[in-house]
Every structure is written in C-alpha cells, then in structure tokens.
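The figures that follow rest on heavy atoms only: side chains count, while hydrogens, waters and symmetry mates do not.
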2 protein chains.
Amino acid sequence: MISQTEENYLKTLFNLTSLKGEASVNELSKQLDIKMPTVNSMMKRLAGKGLVVYESYKPLKLTDKGKKEAALIIRKHRLTEMYLVEKMGFGWEEVHVIAEQLEHVQSPAFFNKIDELLGFPKVDPHGSPIPDAHGKMESEQYIKLSDCQEGDVVTFMAVTHSSDAFLKFLNSRELSLGKVIRIKSKEEFDGTMEIGYGKRKSEMLSQEVCEKIQVTHEKKK
Amino acid sequence: MISQTEENYLKTLFNLTSLKGEASVNELSKQLDIKMPTVNSMMKRLAGKGLVVYESYKPLKLTDKGKKEAALIIRKHRLTEMYLVEKMGFGWEEVHVIAEQLEHVQSPAFFNKIDELLGFPKVDPHGSPIPDAHGKMESEQYIKLSDCQEGDVVTFMAVTHSSDAFLKFLNSRELSLGKVIRIKSKEEFDGTMEIGYGKRKSEMLSQEVCEKIQVTHEKKK
DNA sequence: TAAAAATATTAGCCTGTTCTAAGAATAAAG
DNA sequence: CTTTATTCTTAGAACAGGCTAATATTTTTA
Ligand SMILES: [Mn+2]
Ligand SMILES: [Mn+2]
Ligand SMILES: [Mn+2]
Ligand SMILES: [Mn+2]
C-alpha cells in the first residue's frame with residue numbers, strides 16, 4: 001500500500017527524473033518544499049518498498065516498479081484534469097490544483113468511467129500525454145517556441161508549466177492549444193519574440209514565456 | 001484545519017447523535033471500527049478545537065461548530081453521490097464508497113460546480129437530504145415501511161442504509177425510489193410483508209429489509 | 001446493596017511524516 | 001591541492017493517529 005504522501009514523492013521524482021534519468025535529494029526537496037532530511041528518510045523507505053534505487057550520496061532513481069506506480073498516479077491526475085475541463089466546464093488554469101487531490105482517489109471504477117466518458121483521451125488539457133492503464137506513456141516530441149526562428153510557422157501543442165498565473169496570461173492573449181503561430185521576429189539579445197496567430201497579428205512574448213510553450217513545426221506533405 | 005481523519009470522526013458522530021442528540025465513546029468506536037482509547041483521545045482533541053463537547057464519563061455531543069462542519073462534509077458526500085449517479089452513470093449501490101473519499105476534497109469550486117451542474121438537488125440518490133451551503137438540513141419526515149399496515153399505499157422515499165449488498169437486493173426486485181407500494185399483507189409473527197408495486201404484484205420482504213425502507217403515505221387531497 | 005459486567009480513561013508503545021541541529025561527504029573555488 | 005561551499009546523512013524531537021494492557025468509573029444484575 002502506497003500512502004498519499006508517498007504518491008506525491010513518487011510523482012514528483014518521476015517528473016524530475018524524466019529529464020536526466022536521475023535527480024538529487026536537493027532537487028526533490030526544493031520541488032516538494034520539504035526539508036532534505038525528511039526527503040532522505042522517505043527515499044530510504046521507498047527503496048525498502050522497491051520503488052526507488054537509493055545509495056548513499058548517489059543520485060536518486062526510480063525502479064521500474066516505481067516508474068509504473070508514478071505513471072499511474074499521473075494518469076489519474078491527467079484524466080481528472082481532462083474531465084474537469086471537458087465535462088465540468090473548468091478552465092485549464094483551474095484544474096491542476098483540484099487534480100492534485102483527486103489523483104489520490106483509490107477507485108479504478110471511478111477513473112475507468114472518466115476515461116470512457118472522455119473517449120479515452122491521449123493528452124490532458126495542457127497537452128501532456130496521458131499514460132495508458134499499464135503506465136506506458138509516449139514521450140513528447142515537441143520543441144520549445146523559444147528555440148524556433150524568425151519565419152517559422154508552428155502549432156501550439158503543450159505547456160510545460162501549469163501554474164494559474166501563466167495560464168491566465170495565455171488566456172489574456174487568447175493563446176490556446178492548437179493555435180498556429182507565425183514567428184514574425186526574434187530579438188537575439190533577450191529572446192523576446194513577436195508572433196501572430198488567429199486574429200492576433202502582433203503579440204510580444206518574453207523568452208520566459210516562450211520557453212514554457214511547446215510547439216511542432218507545421219507538417220510538410 | 002480539520003484533517004481527513006478528524007472529518008470522518010465528525011461525520012460519524014453527527015450521524016450517531018442525530019437520533020438522541022448524544023452518543024457514547026463505545027458506539028462511535030464500533031461505528032468507526034477504531035478502538036475506544038483512540039476514539040477517546042480524538043474526542044479530547046476535537047473538544048480542544050471546539051468541535052465536540054467532551055466531559056469525562058459523559059456522553060459525547062457536537063458543538064454548533066462541530067455540527068456545521070459535519071453537515072458540510074455530508075453535503076459534499078451527498079452531492080458527490082448524486083453527481084456520480086446522475087452525470088457519470090454509476091448505480092446507487094456503487095457510489096457510497098467512492099464518495100467516502102471524494103467528500104474530503106478541499107475545493108469549494110469543485111463542489112459548487114457539481115451543485116450547479118445538478119441543478120441544486122435537495123436529496124441524494126438514497127433519498128437522504130443534502131445540507132445547504134450553510135450546513136442546514138431539513139429533517140426527514142419519513143416512516144419505516146415496517147411500521148405500515150396491511151392496505152396502506154405508500155411511496156418509497158429513501159433508504160436508511162446504503163450498503164452494496166442491500167441496494168443490490170433492491171435492484172434485483174426493481175424496487176427504486178419513487179415507487180408506489182401497496183401493502184397486501186403483513187405477517188404479525190416475524191414482520192414479513194407481501195407488497196406490490198409497478199409490474200411486480202407480489203413480492204415478499206423480510207422485516208429486516210422493511211426497516212431500512214422509508215416511505216410516505218400517499219397524499220390525500 | 002454487593003458483585004459482576006460494561007464502559008471509559010490513563011499509560012505506554014508504535015509507525016508515519018515532519019522538523020532542527022550537527023556532522024560527514026562531495027563538489028567547487030582558489 | 002587545500003580551502004570553502006554545497007549537498008547529504010545522522011541524530012533527536014514533535015505531532016498525528018493508531019494499538020494493548022491496566023485501571024477507574026458507571027451501570028446492570030443478583
Ligand atoms: Mn497538472
Ligand atoms: Mn497530489
Ligand atoms: Mn453515502
Ligand atoms: Mn470519508
């Protein structure tokens with residue numbers, strides 16, 4: 001049995017390790033806002049349960065079992081977010097905090113029903129992929145808008161951060177998933193971009209914003 | 001801040017005290033399946049938070065604050081049950097266990113949305129009243145089917161127990177809320193009743209079942 | 001009313017999850 | 001290659017929420 005607390009550690013570690021395959025106690029501590037000694041002892045405990053690979057002074061890794069458990073929690077989180085947006089009418093900026101709680105509900109029937117009512121969605125409202133019932137997830141193949149060049153035409157596929165403030169900023173610019181974006185110019189000094197999409201012909205986005213926006217180049221046929 | 005554990009104590013104490021206005025540590029212990037010393041110390045804790053009136057060797061009572069908190073948890077529980085049945089297609093026998101978890105979600109926006117999507121329902125799928133946003137609940141004015149007499153014609157308004165087994169039994173007899181029931185005969189020895197409703201002209205119900213069924217007499221105009 | 005049963009309380013222990021303070025190991029800087 | 005800074009670990013404490021064993025009180029029975 002994995003507690004709610006343990007689930008939050010697993011999920012966060014999964015997200016941190018998805019980049020380099022490993023993470024430090026320090027990073028995990030900062031991410032969870034829990035002091036290092038607490039994180040350290042929890043890592044030992046999760047290692048005892050076969051979910052984490054822990055060796056003194058070495059970076060943390062998830063075991064295959066740990067990865068699967070984490071992915072299943074993330075599955076519940078993302079299915080929930082999708083349900084809240086699609087079936088209940090919440091905005092994409094509201095659903096993350098609610099899903100942080102609902103992801104811990106223990107009821108396969110509940111999440112199977114959500115999955116079914118949504119028609120087995122592949123991505124959540126932020127464009128992140130939803131792991132399947134076995135914990136398998138397709139890796140995202142997107143690129144950052146900040147890495148694109150003047151003249152590029154790209155499609156807005158996902159955001160890498162789902163804070164209320166950031167998503168409200170995008171709402172204010174009517175910048176939503178699926179929008180086709182033309183990069184009109186890019187300031188090399190600070191990375192600010194001038195872009196156009198839909199009815200909005202000229203919007204300025206800071207590099208900070210562009211780094212959180214994931215896109216694909218338009219398909220060439 | 002009231003923890004999930006404390007919420008379950010409050011809710012259970014609310015249900016127990018709704019009959020006589022007070023309850024014993026022993027009753028609460030049995031209901032929660034938690035040993036008496038644990039319940040005892042929790043009662044002191046909740047008394048410290050101003051939610052319970054605790055005096056050594058005296059029956060337990062909820063304070064007004066405790067009653068309100070409990071009613072608001074019950075509100076979330078019952079709204080959730082209604083949503084699961086009406087909007088997600090669950091059977092009334094499935095929803096109680098799921099609602100036991102969802103009732104602890106801390107998100108006014110979530111439950112306000114549910115309330116709104118349901119059109120501000122007054123009762124849950126088991127016929128129990130849903131407290132309003134201030135924790136006010138109309139007391140049920142129903143009578144037990146087991147207290148009715150031969151020849152009575154009554155309407156099935158609520159069940160007093162929502163165990164999976166009991167509700168599945170009612171499902172198997174197509175006996176659902178709103179059905180008009182005619183009492184064809186009543187065996188005085190053991191309280192068994194022969195009733196008719198809808199297409200079912202003769203069904204035998206044990207006293208145990210009849211005691212869990214709440215009805216109203218047909219309105220006389 | 002005295003004995004027995006039921007109920008309630010206290011004391012002490014355990015696990016889970018957090019913290020602070022202090023020391024050990026590793027990494028970075030000079 | 002030392003010194004310094006950072007990171008990691010250990011030790012010890014606290015609180016929440018559970019338990020058992022023992023004791024105290026109240027209620028019931030004889
Ligand atoms: Mn999210
Ligand atoms: Mn969470
Ligand atoms: Mn219920
Ligand atoms: Mn509950």
Side-chain angles (χ1 to χ4, degrees), chain A residues 1-14 16-17 19-62 66 69-70 73 100-101 103-106, chain B residues 1-14 16-17 19-62 66 69-70 73 100-101 103-106:
Chain A
M1 200 75 307
I2 303 176
S3 73
Q4 201 151 315
T5 304
E6 289 169 335
E7 286 191 344
N8 283 328
Y9 277 89
L10 280 181
K11 190 173 61 116
T12 307
L13 186 53
F14 184 93
L16 284 175
T17 54
L19 311 165
K20 305 179 294 277
E22 50 188 47
S24 68
V25 172
N26 196 252
E27 290 170 293
L28 190 49
S29 167
K30 280 172 185 153
Q31 193 69 33
L32 288 165
D33 197 24
I34 290 173
K35 297 285 177 289
M36 277 206 288
T38 307
V39 172
N40 191 275
S41 66
M42 180 58 88
M43 289 306 102
K44 287 180 177 175
R45 192 132 77 83
L46 293 178
K49 293 190 176 190
L51 297 163
V52 164
V53 182
Y54 175 84
E55 286 181 278
S56 277
Y57 297 104
K58 290 194 180 160
L60 303 167
K61 276 179 244 178
L62 283 169
E69 291 295 340
I73 300 157
E100 279 295 324
Q101 295 181 65
E103 71 191 358
H104 304 292
V105 167
Q106 308 271 295
Chain B
M1 196 77 309
I2 303 176
S3 73
Q4 201 150 316
T5 304
E6 290 168 335
E7 287 192 342
N8 283 329
Y9 277 89
L10 280 181
K11 189 173 61 115
T12 306
L13 186 53
F14 184 92
L16 283 176
T17 54
L19 312 165
K20 304 180 293 277
E22 49 187 48
S24 67
V25 173
N26 195 252
E27 289 170 293
L28 190 49
S29 167
K30 279 172 185 154
Q31 193 70 32
L32 288 164
D33 198 23
I34 290 173
K35 296 288 179 286
M36 278 207 288
T38 306
V39 172
N40 192 274
S41 66
M42 179 58 88
M43 287 307 101
K44 286 180 177 177
R45 189 130 74 81
L46 294 178
K49 294 191 176 188
L51 297 163
V52 164
V53 182
Y54 174 85
E55 288 181 277
S56 276
Y57 296 104
K58 290 192 180 162
L60 304 168
K61 277 181 244 178
L62 283 169
E69 290 296 340
I73 300 158
E100 279 294 325
Q101 295 182 65
E103 69 191 357
H104 303 293
V105 167
Q106 307 272 298

Inset, instruction - Quickly work out the A:L60 CG to D:dT7 P distance and round it to whole Å. - result: 14 Å
Inset, instruction - For the residue pair B:H104 and B:E7, confirm or rule out a side-chain donor-acceptor distance under 3.5 Å. - result: yes
Inset, instruction - Scan residues 3-10 of chain B against DNA chain C and write down, sorted by residue number, each residue with any heavy atom closer than 4.0 Å; if none is found, say none. - result: none
Inset, instruction - Kindly write out the residues that satisfy salt bridge (charged side-chain N to carboxylate O under 4.0 Å, His left out) with B:K49, not counting sequence neighbours, or none if the list is empty. - result: B:E6
Inset, instruction - List for me each residue that meets side-chain contact (heavy atoms from CB on, under 4.5 Å) alongside B:K30, sequence neighbours excluded, and say none if there are none. - result: B:N26
Inset, instruction - Determine, for nucleotides 5-10 of chain C in 5'-to-3' order, which nucleotides have protein heavy atoms under 4.0 Å from the base (write B), from only the sugar-phosphate (write S), or from neither (write -). - result: --SBBB
Legend entry - For atom CD1 of B:I2 and atom P of D:dC15, their distance in whole Å: 20 Å
Inset, instruction - Apply side-chain contact (heavy atoms from CB on, under 4.5 Å) to A:K44 and list each qualifying residue two or more places apart in sequence or on a separate chain. - result: A:N40, A:Y54
Legend entry - Counterpart residues, salt bridge (charged side-chain N to carboxylate O under 4.0 Å, His left out), relative to B:E22 (two or more places apart): none
Inset, instruction - Mind checking side-chain hydrogen bond (donor to acceptor under 3.5 Å, both in side chains) for B:S24 and listing every partner two or more places apart, or none if nothing turns up? - result: B:E27
Legend entry - Contact nearer the 5' end of DNA chain D, comparing B:D33 with B:K49: B:K49
Legend entry - Set of residues satisfying salt bridge (charged side-chain N to carboxylate O under 4.0 Å, His left out) with respect to B:K11, sequence neighbours excluded: B:E100, B:E103
Inset, instruction - Tell me, please, which residues at least two apart from B:S41 pass side-chain contact (heavy atoms from CB on, under 4.5 Å). - result: none
